[in-house]
Q: 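I'd like to ask you about the structure that follows.
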Amino acid sequence: MAGHPARQELGKGPAAHGFGDERWAPARAQTVIRRRFRLSPSVATVWRLLKRNGWS
């Protein structure tokens with residue numbers, strides 16, 4: 001998963017994606033994944049991704 005594109009994209013931080021601060025919320029991460037990769041992960045999936053990478 002180290003080189004996974006979604007992880008790399010989220011690793012840039014929320015501000016790099018137009019959000020006003022540096023906090024990832026599941027809805028924000030879900031929006032980035034949806035826009036960038038045209039995927040629709042569930043909130044639970046996004047939450048696990050954030051948690052696994054220490055972003056929440």
Side-chain angles (χ1 to χ4, degrees):
M1 176 92 176
H4 193 279
R7 182 176 179 194
Q8 291 176 348
E9 202 62 37
L10 295 177
K12 295 176 183 177
H17 295 283
F19 297 104
D21 59 28
E22 285 297 321
R23 293 178 292 169
W24 275 123
R28 286 180 173 187
Q30 191 178 39
T31 297
V32 170
I33 293 168
R34 200 176 280 140
R35 287 178 183 165
R36 180 81 170 115
F37 303 105
R38 296 183 182 176
L39 298 173
S40 296
S42 69
V43 172
T45 298
V46 173
W47 176 252
R48 283 192 300 271
L49 176 65
L50 294 175
K51 192 94 166 141
R52 187 179 314 133
N53 291 288
W55 295 325
S56 71

Q: Which atoms form the tightest heavy-atom contact between A29 and V46, and what is the distance?
A: CB-CG1, 3.5 Å
Q: Nearest 0.5 Å please: distance from the CD atom of Q8 over to the NE2 atom of H4.
A: 9.5 Å
Q: So, for L10 and W55, which heavy atoms are closest and what is the spacing to 0.1 Å?
A: CB-CZ3, 3.6 Å
Q: Tell me whether the rings of F19 and W24 are parallel (<30°), tilted (30 to 60°) or perpendicular (>60°).
A: perpendicular
Q: Verify, without hydrogens or angle tests, whether Q30 (side chain) and P41 (backbone) share a donor-acceptor contact under 3.5 angstrom.
A: yes
Q: Please report the shortest heavy-atom distance between L49 and N53, naming the atom on each side.
A: O-ND2, 2.8 Å
Q: Let me check something: do L39 and V32 share a hydrophobic cluster, defined by ILVMFWY side-chain heavy atoms less than 4.5 Å apart, either directly or through other members?
A: yes
Q: Taking everything shown except R35 itself, do over 12 heavy atoms lie less than 6.0 Å from its CZ?
A: no
Q: Do F37 and W47 sit in the same hydrophobic cluster, where Ile, Leu, Val, Met, Phe, Trp and Tyr count as joined when their side-chain heavy atoms come under 4.5 Å apart?
A: no
Q: Has H17 got a side-chain atom pairing as donor or acceptor with E9's backbone, closer than 3.5 angstrom?
A: yes
Q: G13 and E22: which non-hydrogen atoms are nearest, and at how many Å?
A: CA-OE1, 3.8 Å
Q: Determine, step by step, whether D21 and R28 satisfy the side-chain contact (heavy atoms from CB on, under 4.5 Å) criterion, reporting the C-alpha distance in whole Å, the side-chain angles of both residues, the deciding distance to 0.1 Å, and the verdict.
A: CA-CA 11 Å; D21 59 28; R28 286 180 173 187; 2.6 Å; yes
